[in-house]
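Numbered from 1 within each chain, the chains take letters A, B, ... in sequence-line order.
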There are 2 protein chains.
Amino acid sequence: MRVTIYDVAREANVSLATVSRVLNNSPHVRESTRRRVQEAIDKLGFEPNLVASALMTKRTRLVALLVPDISNPFYAEVARGVEDAAAELGYNCVICNVGGDTAKQAEYVNVLRRKGIDGMIFGTANYDDKLVLDLSRGSYPLTLMARDVPAAEVNRVLVDDGAGGAMAARHLLELGHRRLAMVTEPGGIHSSQERARGFREALDEAARDGVEAVYLEAEGSDIAAGLAAGRRLLDMTPRPTAVFAANDLLAIGILQAAREADTRVPDDLSVVGFDGTVMADVTQPPLTTIVQPMRDMGKAAVRLLVETLQNGGEHQRIVMSPELRVAGTTAAYRPARPAAN
Amino acid sequence: MRVTIYDVAREANVSLATVSRVLNNSPHVRESTRRRVQEAIDKLGFEPNLVASALMTKRTRLVALLVPDISNPFYAEVARGVEDAAAELGYNCVICNVGGDTAKQAEYVNVLRRKGIDGMIFGTANYDDKLVLDLSRGSYPLTLMARDVPAAEVNRVLVDDGAGGAMAARHLLELGHRRLAMVTEPGGIHSSQERARGFREALDEAARDGVEAVYLEAEGSDIAAGLAAGRRLLDMTPRPTAVFAANDLLAIGILQAAREADTRVPDDLSVVGFDGTVMADVTQPPLTTIVQPMRDMGKAAVRLLVETLQNGGEHQRIVMSPELRVAGTTAAYRPARPAAN
DNA sequence: CTGTTAGCGCATTCAT
DNA sequence: ATGAATGCGCTAACAG
């Protein structure tokens with residue numbers, strides 16, 4: 001970056017301002033001068049310094065994506081959508097793994113703002129996230145992604161978790177299951193609670209014919225937590241014949257627990273997951289799951305954010321619909337089970 | 001970002017220069033003035049604008065990571081390492097999905113440079129990548145990651161693919177397999193070829209007792225390509241008793257082909273993958289694979305890059321060792337197979 | 001349509 | 001140890 005706008009101006013016998021106008025496609029430039037300037041640009045191989053430009057315009061065309069962990073397939077898929085849409089719109093995307101650490105997250109946000117990042121997508125936020133509320137009050141451009149903070153004035157891209165839970169419930173009921181279980185994520189993860197609510201309500205609607213349901217809270221959100229929860233589940237008497245897990249990883253853990261216990265899936269236990277990550281496709285049998293449109297969610301998040309950046313305007317809220325993908329881990333309830341082995 | 005260094009200077013009754021010195025921890029500031037300035041900073045809630053700073057210093061403390069696809073678990077894991085190490089060193093990380101498109105990649109790089117990105121990590125590069133060579137000649141700070149461009153003067157973090165291939169070969173030989181296959185990625189993917197070379201050489205060393213090996217080139221690098229290759233493989237007569245796939249996804253595809261054909265793994269066919277992504281853990285049985293230290297590779301890549309950014313100096317080359325992780329898809333060759341079903 | 005004049009917010013000489 | 005002056009490379013009024 002050595003040749004500057006000034007060099008171009010001299011080469012083309014015009015002023016800085018004219019070069020700048022050409023660069024920014026201002027309509028107020030005669031075609032012949034535009035060409036002359038363009039030639040000078042090409043000849044000198046001039047490439048505008050966007051840092052200098054950002055200092056004036058206050059826009060870096062950089063957005064940030066904050067996620068708990070980019071190596072988690074769900075967030076990786078979302079990130080793919082975010083980056084794709086950002087690139088399409090002329091933005092680049094800064095990625096941040098914030099884990100669960102609130103202080104770390106605040107520090108990240110602070111540095112990013114000072115670096116001139118135009119706006120952020122939060123793939124992680126608590127229900128009453130102070131940081132989000134502060135940024136929202138300062139009207140810093142934000143999109144929340146798969147996590148809501150009801151009190152904040154920001155864009156949102158959500159998935160109808162309740163509807164997803166209901167889909168799982170109805171699927172299992174239709175297969176004839178009457179003794180059901182759900183494994184939820186620990187603590188106050190809002191989306192997990194919503195999935196449970198939808199599941200419960202759908203069961204309640206159908207409760208006329210003696211449906212029982214038990215709810216287990218896992219001790220984490222990963223495969224190991226699913227395995228532990230699965231073991232507890234399989235020890236229960238009477239044992240549920242079908243289980244809905246709040247995410248795919250938990251479901252996969254439950255599959256492992258079933259294998260340990262020589263419980264056949266789906267013959268002796270039906271399992272439904274949530275997310276539809278690539279992991280669901282490689283289990284054996286492939287996991288029946290409630291699919292979130294991860295990539296599209298990422299794209300939508302960027303589009304809302306950029307819309308806010310460029311046009312301001314009202315904050316938008318997009319609620320996407322999950323979808324049941326029936327694969328190999330669910331089957332009709334069979335009252336009379338053949339002896340195994 | 002409304003309060004500037006100038007406001008602080010007035011508040012503390014000093015000049016801009018002094019405030020700047022305090023901000024940059026210059027030793028030439030009296031302790032009492034430093035404190036006075038610091039108080040003014042705190043009182044006003046001043047936060048330095050890093051864009052302005054970058055315009056002077058030419059350093060944004062932003063690095064970019066270019067990968068084919070962040071939703072690919074291998075790159076997601078690498079990205080996790082990159083971002084972690086970057087954060088630790090005070091850098092942020094811009095992520096870019098460049099797919100296989102050379103022109104798109106060049107365009108990305110161009111914009112990133114103009115945005116002042118300090119250096120880049122290439123998780124994708126051809127053997128004689130023109131872009132990498134150009135950047136290298138312009139002495140733009142670069143680290144190549146899992147892909148080499150021999151002629152370039154840049155940092156590198158590589159994995160000993162040849163050694164990995166050899167590990168796979170020796171593992172299978174030790175299990176008594178004598179009729180082997182390898183499924184490679186298509187075209188000129190250097191790492192895949194190296195894995196094949198290591199595999200072949202290890203077999204050659206042991207060739208005294210009649211080892212046969214066949215090499216299949218898959219038509220892609222994903223599960224579908226593995227499935228197709230697996231079908232071809234299982235149709236061969238005599239059929240190989242063990243197969244080494246150039247990556248986990250291909251291996252998973254082969255597992256699926258085996259299932260289709262009622263070929264039991266590992267009883268009737270042993271399968272070894274390469275990478276050690278999370279996907280390898282959730283197949284049934286879990287995939288025996290050659291593990292790359294993905295996260296550490298990402299961290300090392302950043303460290304080399306930042307080292308170059310801060311101290312210049314010689315370009316470094318780190319070669320990491322892969323590791324055999326024996327799981328459930330490999331077993332001893334059994335000449336007399338019991339009738340199945 | 002084009003040129004002149006000011007900055008954006010900070011770092012960095014060079015004096016003192 | 002501190003201050004005054006200058007400029008990083010560009011955009012944005014405001015004239016003309």
Side-chain angles (χ1 to χ4, degrees), chain A residues 1-41 44-62 110-118 310, chain B residues 1-41 44-62 110-118 310:
Chain A
M1 268 171 223
R2 233 174 34 270
V3 29
T4 78
I5 198 172
Y6 185 69
D7 302 320
V8 175
R10 253 197 336 210
E11 176 74 25
N13 273 320
V14 294
S15 73
L16 301 193
T18 301
V19 178
S20 179
R21 285 190 189 98
V22 171
L23 291 178
N24 297 292
N25 292 313
S26 159
H28 304 290
V29 179
R30 194 188 305 158
E31 195 46 47
S32 64
T33 39
R34 180 187 302 281
R35 217 177 3 250
R36 195 147 43 90
V37 170
Q38 191 56 56
E39 275 164 15
I41 288 174
L44 300 179
F46 169 67
E47 313 210 299
N49 178 332
L50 265 21
V51 175
S53 163
L55 186 57
M56 272 303 305
T57 61
K58 272 106 179 61
R59 302 200 297 99
T60 55
R61 288 183 170 269
L62 248 28
N110 198 275
V111 171
L112 291 172
R113 292 196 60 180
R114 288 167 45 201
K115 287 191 179 176
I117 272 60
D118 292 340
Q310 298 185 339
Chain B
M1 268 171 226
R2 231 174 34 270
V3 29
T4 77
I5 198 173
Y6 184 70
D7 302 318
V8 175
R10 252 196 337 211
E11 177 74 26
N13 271 320
V14 293
S15 73
L16 302 192
T18 302
V19 178
S20 180
R21 286 191 188 97
V22 171
L23 291 177
N24 296 291
N25 294 313
S26 159
H28 304 289
V29 179
R30 196 187 305 161
E31 194 46 46
S32 63
T33 40
R34 180 187 302 280
R35 216 176 4 252
R36 196 149 40 89
V37 170
Q38 189 58 53
E39 276 163 14
I41 289 174
L44 300 179
F46 168 66
E47 312 209 301
N49 178 332
L50 266 20
V51 174
S53 165
L55 186 56
M56 273 304 305
T57 61
K58 271 108 181 62
R59 302 200 298 98
T60 55
R61 289 185 167 269
L62 247 29
N110 198 277
V111 171
L112 291 172
R113 292 196 60 180
R114 289 167 43 199
K115 286 191 181 175
I117 271 61
D118 292 341
Q310 299 186 338

Are side-chain heavy atoms of A:Glu11 and A:Val8 found at a separation under 4.5 Å?
no
What is the distance, rounded to the nearest whole Å, between atom NE2 of A:His28 and atom P of D:dA15?
17 Å
Pair B:Glu31 + B:Arg34: basic N to acidic O under 4.0 Å
yes
Rounded to whole angstroms, how far apart are CD on B:Glu31 and C1' on D:dT2?
15 Å
Do side-chain atoms of B:Thr57 reach the backbone of B:Ser53 as a donor and acceptor pair under 3.5 angstrom?
yes
Which part of the nucleic acid, if any, lies within contact of A:Val19, taking any heavy atom under 4.0 Å across all strands shown: a base, the sugar-phosphate backbone alone, or nothing?
nothing
Does B:Ser15 or B:Ala52 map to a spot on DNA chain D nearer the 5' end, using the closest nucleotide for each?
B:Ser15
Can you measure B:Asp7 atom CG to C:dG9 atom P for me and round it to whole angstrom units?
9 Å
Is there a side-chain polar atom (N or O) of A:Asn24 under 4.0 Å from OP1 or OP2 of D:dT11?
yes
Looking at B:Val51, is its backbone amide N or carbonyl O close enough to the side chain of B:Asn49 to form a donor-acceptor pair, meaning the two atoms are under 3.5 Å apart?
yes
Does a nitrogen or oxygen in the side chain of B:Thr57 sit under 4.0 Å from OP1 or OP2 of C:dA11?
no
Terminal axes of the helix from C:dC1-D:dG16 to C:dT16-D:dA1 (five pairs each): angle between them, nearest 10 degrees:
30°
Is the closest side-chain heavy-atom distance between A:Leu23 and A:Ile5 below 4.5 Å?
yes
Could you give the CG-to-C1' distance, from B:Leu55 to C:dG7, as a whole number of Å?
12 Å
Closest of C:dA11, D:dT11, D:dA12 to the A:Ala17 side chain is D:dA12
Name the nucleic acid region contacted by B:Thr18, choosing base, sugar-phosphate or nothing; use a 4.0 angstrom heavy-atom cut-off, strictly under.
sugar-phosphate
Less than 4.0 angstrom between a side-chain N/O of B:Thr33 and OP1 or OP2 of D:dT2, yes or no?
yes
Just to confirm, is there a sub-4.0 Å distance from OP1 or OP2 of C:dA11 to any side-chain nitrogen or oxygen of B:Lys58?
no
Short side-chain to backbone donor-acceptor contact, A:Arg36 and A:Ala12, under 3.5 Å
yes
May I have the distance from A:Asn49 (atom CG) to D:dT11 (atom C1'), rounded to whole angstrom?
13 Å
Atom CG of A:Leu16 and atom P of D:dG7 are separated, to the nearest Å, by 14 Å
When the nearest nucleotide of DNA chain D is assigned to B:Met56 and to B:Asn13 on a heavy-atom basis, which residue is associated with the more 5' position?
B:Asn13
Between CD1 of A:Ile5 and P of D:dG7 the distance, given in whole Å, is 18 Å
Take atom CZ of B:Arg21 and atom P of C:dT13, then tell me their distance rounded to the nearest Å.
11 Å
Nearest to side-chain heavy atoms of A:Thr4, which nucleotide of D:dG9, C:dA11, C:dT2
D:dG9
Taking the side chain as C-beta and beyond, is there a heavy-atom pair between B:Asp7 and B:Thr4 under 4.5 Å?
yes
Student check: side-chain heavy atoms of B:Val22 and B:Thr33 closer than 4.5 Å:
no
